[in-house]
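Residue numbering restarts at 1 for every chain, and letters A, B, ... go by the order of the sequence lines. The structure displayed is predicted, hence computed values, not measured ones.
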Amino acid sequence: MSETIRLVLPNGDAREVAAGTPAREVVASIGPGLLKAAIAVAVDGEVLDLTTPLRAGGAFVVLKESDPRSLAVLRHSGAHILATAVRRLRPDAKIGFGPAIADGFYYDFEVAQPFTPDDLAAFEVEMAKVAAEKYPFVRAEISRAEGEKVFADDPLKLERLAELGADEVISTYTDGPFTDLCRGPHVPDTSYLKNFKLLSTAGAYWRGDEKRQMLQRIYATAFWKKEELDKHLHQLEEARRRDHRVVGKQLDLFMMHHFAPGAVFWTDRGSTMVKTLMEFLRELQRDDYKEIMTPLLYNKGLWQISGHWDVYRENMFLVLDNETQEHDFSLKPMNCPSHHLMYAAKKHSYRDLPLRYNTYDVLHRNEVSGALSGLTRVRQFQQDDCHIYLMESQIADEVERLVRFITGYYDTFGLTATLKFATRPKERVGSDAMWDRAEAGLKAALDRTGRPYQLKEGDGAFYGPKIDFDVTDSIGRSWQLGTIQLDYSQPERFDLWYTGEDNTQHRPVLIHRAVSGSLERFMAILIEHFAGAFPVWLAPEQVRVIPIADEVMDNARDVTARLKAAGVRAVLDDRNETLNYRVRDGETMKVPYMAVIGKREAESGTLALRERGQGKKQDVIAVEAFIERVRSEIRTRALPAQATS
RNA sequence: GCUGACGUAGCUCAAUUGGCAGAGCACCUGAUUUGUAAUCAGGCGGUUGCGAGUUCGAUUCUCGCCGUCAGCUCCA
């Protein structure tokens with residue numbers, strides 16, 4: 001025990017202390033003020049609490065509130081305090097796991113009676129008491145036998161205990177009446193938890209395994225500062241306010257029906273938007289892509305070749321063949337096999353590569369009922385899908401093009417993309433040499449774009465490496481949208497060839513590419529990203545013409561007709577309602593422009609323009625000038641001046 | 001699929017311990033002709049998701065089905 005370890009402080013100073021010295025003493029030796037502010041420490045990046053005996057030396061950093069890692073410590077302690085409170089009020093609760101997660105923490109309990117919202121409120125009050133009682137978090141390192149005694153009544157903990165290796169340290173943390181099997185680290189005492197909120201309760205399988213029992217999970221969050229908590233809660237509120245299911249109804253974009261679960265009914269307004277998105281994509285792909293349309297329903301023979309029949313059948317809608325009385329047919333869940341059939345139907349020259357087939361065909365995937373959610377998780381959807389057949393030597397150029405294409409598309413919506421480069425997984429097909437080439441090709445292409453990207457080792461598809469595009473929306477949420485996947489496997493399964501310069505047959509390489517993911521989900525993201533206040537080019541109704549009184553109706557009709565003739569989606573609001581009523585309705589429907597026409601405007605060939613979100617501010621401008629302005633905004637796909645809320 | 005909550009007019013929501021199912025908005029009709037976020041009056045609108053059961057009587061209680069929502073990955 002007389003061994004000493006060496007700790008190097010951020011300023012370069014070093015401390016030699018006896019192994020086993022609690023971190024607290026080291027911090028205190030640096031300065032008493034620092035000890036007060038310290039939440040935890042990190043040794044070579046490993047976060048430890050102040051009571052932990054230091055066993056190894058290394059870079060020594062004291063974590064204060066300002067360090068993001070300390071927030072995870074607070075939240076983890078919050079989970080223990082939650083369990084402490086629950087145990088007081090529901091002594092029968094068996095404890096599961098209670099980790100910190102991205103935006104807060106949770107704790108899983110096994111209880112005979114599920115928690116109610118009233119329970120949650122009571123737990124929250126009790127947690128505040130536990131915090132006020134200021135119990136220190138006391139770490140203890142114990143033997144397996146002791147552990148079995150301490151957790152004799154907690155079968156879930158015993159299960160975890162039994163899994164711990166013989167050489168692992170078994171530690172517990174105690175705050176007042178509650179002891180948990182826990183690796184730590186924790187804040188010094190329960191009073192550190194001041195700003196927290198219990199959010200929701202839901203079932204969660206023990207160990208995430210659907211074969212195991214269902215536990216009751218309580219989700220919560222905590223922050224150091226009240227303002228941060230309030231901001232977080234406000235953002236949750238904002239997300240609810242923008243919920244595409246609510247906004248979609250308000251703006252009359254789509255509906256769902258229980259006779260077609262997981263499928264979307266687009267209204268004329270919603271379908272106008274979807275068509276506008278497709279037109280935009282078509283324009284971008286006009287020159288270099290071949291848009292094709294292929295069948296939706298296929299004999300299982302196709303799926304046996306593709307491998308879907310074995311590994312994906314659960315997710316496919318099987319269709320009964322009336323003649324054989326067998327489920328010999330299936331709606332397609334993906335486009336690639338159909339595209340391969342089309343490719344294979346002809347001889348291809350190397351001169352024709354890269355050959356890019358793109359489509360908007362409808363796909364069906366039989367998601368389990370509990371997975372469905374609004375437009376973001378559906379059973380029937382359209383992908384802006386593309387399959388590119390090319391020579392290996394063309395990969396780098398092609399991928400570079402695709403990255404520019406996809407990020408450029410997102411830029412149009414003001415969505416910021418983060419790239420993730422996913423490399424070979426453990427389970428994979430193909431030789432190492434093939435993977436070396438594929439990964440090198442993708443990487444070279446990525447580097448050439450100059451875009452930063454994250455490396456996700458081992459996260460690739462089984463048939464090839466891929467680039468995923470994560471997009472951040474206007475309120476900071478992240479969505480996985482586009483993907484570029486290299487595939488050496490399907491060209492073999494489908495026995496695809498091209499004739500090379502040397503007049504022999506070669507295997508093409510395949511790239512799968514999607515930009516929006518599904519158009520349905522992309523619509524959901526756009527609705528929430530813009531909170532329904534779409535850019536003019538995308539808005540289902542671009543201009544609403546509002547005549548003040550019947551005497552100017554003819555003029556208003558004429559202006560509407562001129563707008564329509566200029567390609568503007570204009571609607572005449574000739575309802576027998578007050579001006580105020582119609583202006584309010586236009587604002588509620590988030591129409592970008594309202595063109596109000598009274599006697600003065602009709603006589604002078606102008607209109608009084610009211611812009612969405614600009615309140616009373618109004619410009620009186622000539623009709624022609626306005627038409628030009630709107631056309632220009634449509635043509636340039638201009639974004640709203642600010643993210644309208 | 002599993003756990004829990006929920007399902008009342010087109011929409012948002014009411015309806016005391018089981019006792020005639022309501023309101024606002026929307027829609028229709030009429031009046032009003034409006035200068036920038038809801039004009040007034042009248043009217044239409046429901047097998048309370050569907051189907052059983054208990055009961056004199058069910059929106060309410062029980063069961064089954066359908067659907068919606070949250071969650072079921074973030075490793076003591």
Side-chain angles (χ1 to χ4, degrees), chain A residues 72 76 79-80 83 95-108 110-111 113-117 147 151 154 156-164 168-173 179-184 199-219 240 243 245-246 249-250 252 255-262 314 366-374 546-553 574-589 594-601 608-618 620:
Chain A
H76 184 192
H80 279 232
I95 48 177
F97 290 166
I101 53 174
D103 287 320
F105 59 90
Y106 67 77
Y107 212 109
D108 287 341
E110 185 172 18
V111 282
Q113 290 296 317
F115 301 130
T116 65
F151 298 106
D154 276 302
L156 305 177
K157 288 291 173 189
L158 288 178
E159 180 180 328
R160 176 67 193 136
L161 186 63
E163 286 171 5
L164 290 173
E168 285 184 83
V169 174
I170 297 171
S171 58
T172 62
Y173 277 81
T179 298
D180 201 350
L181 178 66
C182 177
R183 188 173 47 192
L199 297 172
S200 62
T201 170
Y205 295 108
W206 170 232
R207 315 301 293 264
D209 182 347
E210 62 189 52
K211 294 187 182 65
R212 305 295 299 269
Q213 70 268 45
M214 177 74 66
L215 308 182
Q216 290 299 311
R217 176 170 296 178
I218 296 175
Y219 279 97
R240 268 192 287 278
D243 188 318
R245 291 164 299 198
V246 176
K249 194 171 277 176
Q250 274 166 3
D252 190 28
M255 58 169 251
M256 312 284 266
H257 196 279
H258 62 268
F259 281 156
E314 293 272 292
N366 197 355
E367 304 282 353
V368 295
S369 58
L372 302 179
S373 179
I546 304 179
I548 289 177
D550 286 347
E551 59 177 352
V552 294
M553 191 63 79
D574 58 359
R575 290 177 293 179
N576 179 17
E577 298 287 353
T578 59
L579 177 62
N580 275 325
Y581 178 93
R582 287 175 291 163
V583 166
R584 181 177 194 279
D585 190 60
E587 287 285 352
T588 307
M589 295 301 280
M594 277 179 263
V596 178
I597 296 178
K599 204 171 163 193
R600 292 197 297 269
E601 288 77 17
L609 186 63
R610 183 184 167 114
E611 283 185 59
R612 177 180 57 203
Q614 298 293 309
K616 281 184 189 301
K617 175 177 165 291
Q618 46 187 292
V620 176

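- Rounded to an integer number of Å, the gap from CG of A:Leu372 to C1' of B:C6 is 17 Å.
- Each of A:Asp180, A:Thr179, A:Thr172 was scored for a side chain to side chain donor-acceptor pair (under 3.5 Å) with A:Lys157, with one residue passing: A:Asp180.
- At the phosphate of B:U34, neither OP1 nor OP2 sits under 4.0 Å from any side-chain N or O atom of A:Thr578.
- Taking atom CZ of residue A:Arg217 and atom P of nucleotide B:A70, one finds them 16 Å apart after rounding to whole Å.
- Between B:A23 and B:U62, the two P atoms lie 29 Å apart (nearest whole Å).
- Taking atom C1' in both B:C20 and B:G24, the straight-line distance is 23 Å, to the nearest Å.
- When heavy atoms are screened at a 4.0 angstrom cut-off, A:Gly374 is found touching the sugar-phosphate backbone but no base atom.
- Note on A:Val552: nothing from the nucleic acid sits closer than 4.0 angstrom, heavy atoms only.
- Of the candidate nucleotides B:U68, B:G35, B:C74, B:C74 has the atom lying nearest to any side-chain atom of A:Ile101.
- The phosphate of B:A37 has OP1 or OP2 within less than 4.0 Å of a side-chain N or O from A:Asn580.
- Rounded to a whole Å, the CZ atom of A:Arg212 is 18 Å from the P atom of B:C72.
- Nucleic acid contact for A:Ala100: sugar-phosphate only, since backbone atoms but no base atoms lie under 4.0 Å from a heavy atom of the residue.
- Atom name P, nucleotides B:G43 and B:A5: the rounded distance is 42 Å, in whole Å.
- Each of B:C72, B:A70, B:U33 was ranked by its minimum atom distance to the side chain of A:Ser373; first place goes to B:A70.
- Atom OH in A:Tyr205 sits about 12 Å away from atom C1' in B:G4, given to the nearest Å.
- The phosphate of B:C75 (OP1 or OP2) has no side-chain N or O of A:Tyr106 nearer than 4.0 angstrom.
- Closest to the side chain of A:Lys249, from the set B:A37, B:U12, B:C2, is B:U12.
- Rounded to whole Å, the separation between the P atoms of B:G49 and B:A14 comes to 14 Å.
- Straight-line distance between the C1' atoms of B:U34 and B:C40: roughly 13 Å, to the nearest whole Å.
- Between A:Tyr581 and the phosphate of B:A26, there is a side-chain N or O to OP1/OP2 separation shorter than 4.0 Å.
- Taking every side-chain heavy atom of A:Pro261 into account, B:G67 is the closest of B:C72, B:U36, B:G67.
- Picking from B:C2, B:A37, B:A38 the nucleotide with the shortest atom distance to the side chain of A:Val583 gives B:A37.
- The separation of B:A41 from B:G46, taken at their P atoms, amounts to 24 Å, rounded to a whole angstrom.
- Separating the CG atom of A:Leu199 from the P atom of B:C72 is a distance of 13 Å, rounded to the nearest angstrom.
- Side-chain atoms of A:Phe97 lie closest to B:C75 of the nucleotides B:U36, B:C75, B:U33.
- With hydrogens and angles ignored, no donor-acceptor pair closer than 3.5 Å exists between the side chain of A:Glu367 and the base of B:G1.
- Side-chain N/O atoms of A:Trp206 and A:Glu159 include a donor and acceptor closer than 3.5 Å.
- A close approach under 4.0 Å does not occur between any side-chain nitrogen or oxygen of A:Ser200 and OP1 or OP2 of B:G71.
- Salt-bridge check for A:Arg245 with A:Asp243: passed, with a basic side-chain N closer than 4.0 Å to an acidic carboxylate O.
- The distance from atom CZ of A:Arg582 to atom C1' of B:U32 is 12 Å, rounded to the nearest whole Å.
- Relative to the side chain of A:Arg600, the nucleotides B:G35, B:A26, B:C74 differ in distance, and B:G35 lies closest.
- Straight-line distance from the CZ atom of A:Arg610 to the P atom of B:A37: 5 Å, rounded to whole Å.
- Here the C1' atom of nucleotide B:C75 and the CD atom of A:Glu159 are 13 Å apart, to the nearest Å.
- Applying the 4.0 Å criterion to OP1 and OP2 of B:U34, one finds that A:Lys599 has every side-chain N and O outside that range.
- Comparing B:A70, B:U39, B:U36 against the side chain of A:Arg245 picks out B:A70 as the nearest.
- Taking a cutoff of 4.0 Å between a charged side-chain nitrogen and a carboxylate oxygen, A:Glu163 and A:Arg160 qualify as a salt bridge.
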